[in-house]
Protein chains: 2
Amino acid sequence: MSDETTIPADGAKPAMTKEKRVRADAQRSTDALLEAAKKVFATSGVDAPVREVAERAGVGIGTVYRNFPTRSDLIAGVFRREVDACVAEATTLANTHPPCDALSLWLHRYTQFIATKKGLASALHSGDPAFATLPDYFRENFEPALAALLNQAADAGDIGGDVEPYDLLRAIGNLSVASGADGAAHIRRMVDLLIQGLRYNGSAP
Amino acid sequence: MSDETTIPADGAKPAMTKEKRVRADAQRSTDALLEAAKKVFATSGVDAPVREVAERAGVGIGTVYRNFPTRSDLIAGVFRREVDACVAEATTLANTHPPCDALSLWLHRYTQFIATKKGLASALHSGDPAFATLPDYFRENFEPALAALLNQAADAGDIGGDVEPYDLLRAIGNLSVASGADGAAHIRRMVDLLIQGLRYNGSAP
DNA sequence: TGACAATCGGAACATCGTTCCGTATCTGTA
DNA sequence: TACAGATACGGAACGATGTTCCGATTGTCA
């Protein structure tokens with residue numbers, strides 16, 4: 001609480017007070033940039049040149065730096081956007097599936113999110129201020145999302161209600177680190193196991 | 001065993017067959033470079049520019065690249081040199097202290113070695129071929145050194161003899177990862193605890 | 001429609017890793 | 001000791017990359 005950065009660092013829409021309306025072209029650039037960066041980072045890794053992202057997005061380099069003052073800010077922006085996408089899917093799944101199915105489907109979706117974040121692991125702890133708020137952003141968004149799914153499944157009597165959402169998020173995250181050759185399959189099995197555990201937890205008091 | 005590099009990658013003196021004698025100035029450059037790099041990396045981190053190392057060593061950039069074809073080779077060279085220094089100290093301590101004291105003193109010396117390698121952790125797993133042989137070099141040198149100290153202490157009846165040297169090396173390494181604010185002190189306490197454990201292990205069969 | 005401000009594009013700059021090559025130095029020999 | 005060839009040295013130069021700057025362009029609102 002001493003050296004805490006005072007910059008909000010919210011990469012999206014603050015919407016507080018009356019923010020001057022963003023110009024349409026600016027909004028388009030930001031979207032194209034985030035979309036292009038997501039693909040480029042997935043293909044060439046987070047070390048890919050900024051110019052490559054600019055080219056793929058069909059904008060000039062200057063535009064990149066107008067939207068994201070630093071290369072790290074661009075990376076952080078992609079991270080936040082993917083957090084948002086994954087969190088949004090929790091609601092979608094909850095509305096289109098039985099509680100326990102929704103929970104299971106989302107946890108597997110979450111492992112995919114984690115899988116794309118391998119390259120970021122070292123960057124997160126690099127001390128770069130652009131990444132400072134990312135762990136909080138991660139938790140503040142994922143924890144309520146998973147909590148909602150868990151509650152619905154618990155209310156339906158499918159699982160027990162004594163699981164800490166954050167513990168589960170961390171557990172799956174750690175599970176995904178050790179993945180070797182058949183990584184994806186291994187992770188899938190282990191997550192299924194966790195879900196089974198939740199079920200038993202519900203039926204056997 | 002398929003994609004194993006065939007390059008020896010021994011940064012020091014091969015000495016096999018009859019190697020042409022190295023010129024005196026070349027040897028001086030290599031030493032100055034390793035010494036300078038050690039200090040620069042300790043001060044500015046392993047990301048410090050090669051030019052900074054060259055300047056501190058008092059040589060031109062060309063000379064850096066003549067001795068270390070790649071920036072990563074320079075880092076690896078410093079790493080090996082520090083391994084050598086730490087290993088050499090094991091012998092020194094064994095000759096100047098009672099077995100159990102030597103063991104204790106060296107383990108604490110080893111924690112210092114580990115402490116300076118934080119920045120390398122991610123580089124080690126980066127896939128850079130210059131770092132490929134480092135883990136082996138680490139183990140091949142440290143394991144016998146610690147084994148000798150453990151044996152001497154065991155022969156003197158100070159500790160039990162059923163500790164795997166490599167396990168101990170890893171344990172202390174892992175211990176050092178988690179260090180937070182009072183890191184050094186915390187590590188010291190934990191290592192002392194391990195040593196206590198070794199002692200009890202000897203007196204209470 | 002017109003004017004103002006926000007945005008854009010990309011040339012230009014600074015920093016890095018790395019390469020090249022003319023020059024300086026060392027070493028073994030006469 | 002003096003010489004010649006081999007070896008090493010220094011640093012300019014190159015290509016890549018992050019970042020800055022500014023004139024040209026475009027969107028928005030009256």
Side-chain angles (χ1 to χ4, degrees), chain A residues 11 13-14 18-37 40-41 43-78 119-120 123 126-131, chain B residues 11 13-14 18-37 40-41 43-78 119-120 123 126-131:
Chain A
K13 316 94 202 172
K18 110 176 138 206
E19 200 75 31
K20 193 100 173 250
R21 164 108 153 274
V22 268
R23 262 174 57 167
D25 53 352
Q27 184 62 51
R28 228 176 308 140
S29 290
T30 304
D31 290 345
L33 239 15
L34 284 173
E35 195 60 28
V40 170
F41 290 159
T43 305
S44 314
V46 287
D47 288 333
V50 174
R51 283 170 176 79
E52 195 177 329
V53 175
E55 191 178 8
R56 175 144 200 168
V59 304
I61 308 176
T63 301
V64 180
Y65 280 89
R66 164 168 297 279
N67 285 275
F68 303 94
T70 269
R71 169 199 173 64
S72 299
D73 291 314
L74 176 57
I75 297 174
V78 172
L120 271 183
S126 67
D128 189 318
F131 299 138
Chain B
K13 315 95 203 174
K18 111 180 134 198
E19 199 74 31
K20 194 98 173 251
R21 165 108 152 275
V22 266
R23 260 173 59 168
D25 52 353
Q27 184 61 53
R28 228 175 308 139
S29 289
T30 304
D31 290 345
L33 240 14
L34 283 172
E35 195 60 29
V40 170
F41 290 159
T43 306
S44 314
V46 287
D47 289 333
V50 173
R51 283 170 174 80
E52 195 178 330
V53 175
E55 190 178 9
R56 176 142 200 171
V59 304
I61 308 175
T63 300
V64 180
Y65 280 89
R66 164 168 299 278
N67 285 274
F68 303 94
T70 270
R71 172 200 170 65
S72 299
D73 291 313
L74 176 58
I75 296 174
V78 173
L120 272 184
S126 67
D128 190 317
F131 299 138

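We name chains A, B, ... by the order of the sequence lines, and we start the count at 1 in each one.
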Asker: Using only side-chain N and O atoms of B/Arg66, determine if any of them is under 4.0 Å from OP1 or OP2 of D/dT7.
Answerer: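 Answer is no, no contact under 4.0 Å.
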
Asker: Taking 4.0 Å as the cut-off, does a side-chain nitrogen or oxygen of A/Thr63 come that near to OP1 or OP2 on C/dT7?
Answerer: no

Asker: Taking atom P of D/dG18 as reference, at what distance in whole Å does atom CG of B/Asp47 sit?
Answerer: 14 Å

Asker: Do A/Arg56 and A/Val53 have side chains that approach each other closer than 4.5 Å (heavy atoms only, starting at C-beta)?
Answerer: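 Sidechains of A/Val53 and A/Arg56: no contact.
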
Asker: Do A/Phe131 and A/Ile75 come close enough that some side-chain heavy atom pair is under 4.5 Å?
Answerer: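 Yes; the side chains approach each other to less than 4.5 Å.
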
Asker: Between C/dG17, D/dC9, D/dG27, which nucleotide gets closest to the side-chain atoms of B/Asn67?
Answerer: D/dC9

Asker: Measure the distance from CG on B/Asp128 to P on C/dG17 and round it to the nearest whole Å.
Answerer: 13 Å

Asker: Would you say D/dT19 has OP1 or OP2 under 4.0 Å from some side-chain N or O of A/Tyr65?
Answerer: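 A/Tyr65 to D/dT19 OP1/OP2: side-chain N or O found under 4.0 Å.
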
Asker: Please tell me if A/Ser29 has a side-chain N or O lying less than 4.0 Å from either OP1 or OP2 of C/dC8.
Answerer: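 So the side chain of A/Ser29 is within the cut-off, an N or O lying under 4.0 Å from OP1 or OP2 of C/dC8.
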
Asker: Is the shortest side-chain N/O distance from B/Arg23 to OP1 or OP2 of C/dT27 below 4.0 Å?
Answerer: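 No, outside the criterion.
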
Asker: With nearest nucleotides of DNA chain D determined for A/Ala48 and A/Gly62 from heavy-atom distances, which residue corresponds to the more 5′ nucleotide?
Answerer: A/Ala48

Asker: Can you check the B/Glu55 CD to C/dG17 P distance for me, whole Å?
Answerer: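 After rounding, the reported distance stands at 14 Å.
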
Asker: Which sits closer to the 5' end of DNA chain D, B/Arg28 or A/Arg71, going by the nucleotide each is nearest to?
Answerer: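 It is B/Arg28 whose nearest nucleotide is closer to the 5' end.
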
Asker: Measure the distance from CZ on A/Phe68 to C1' on D/dT17 and round it to the nearest whole Å.
Answerer: 19 Å

Asker: Flag the pair B/Phe41 / B/Leu74 as yes when at least one side-chain heavy-atom distance between them is below 4.5 Å, and no otherwise.
Answerer: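 Result yes, sub-4.5 Å side-chain heavy-atom pair found.
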
Asker: Taking the minimum atom-to-atom distance to the side chain of B/Val50, which one of C/dG17, C/dG9, C/dG10 wins?
Answerer: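 For the B/Val50 side chain, the nearest candidate turns out to be C/dG17.
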
Asker: For A/Ile61 and D/dG23, give me the distance from atom CD1 to atom P, rounded to whole Å.
Answerer: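 A/Ile61 atom CD1 is separated from D/dG23 atom P by 19 Å.
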
Asker: The side chain of A/Arg21 lies closest to which of these nucleotides: D/dC29, C/dG17, D/dT19?
Answerer: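 Nearest nucleotide to the side chain: D/dC29.
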
Asker: Tell me the interatomic distance from B/Leu74, atom CG, to C/dG17, atom C1', rounded to whole angstroms.
Answerer: 12 Å

Asker: Which value, rounded to the nearest 0.5 Å, describes the distance between B/Arg71 atom CZ and B/Asp128 atom CG?
Answerer: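 Separation between the atoms: 10.0 Å.
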
Asker: Atom OH of B/Tyr65 and atom OG1 of B/Thr70: how far apart are they, to the nearest 0.5 Å?
Answerer: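 That separation rounds to 7.0 Å.
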
Asker: Of B/Asp25 and B/Arg51, whose nearest nucleotide on DNA chain C comes first from the 5' end?
Answerer: B/Arg51

Asker: Given D/dT19, C/dG9, D/dA8, which nucleotide is nearest the side-chain atoms of B/Ala26?
Answerer: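 Looking only at heavy atoms from C-beta outward on B/Ala26, the closest nucleotide is D/dA8.
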
Asker: Find the distance B/Asp31:CG to D/dA8:P and express it as a whole number of Å.
Answerer: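 Rounded to the whole Å, the gap is 14 Å.
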
Asker: Return whichever of A/Gly58 or B/Ser72 has its heavy-atom-nearest nucleotide of DNA chain C closer to the 5' end.
Answerer: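 Between the two, 5'-proximity favours A/Gly58.
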
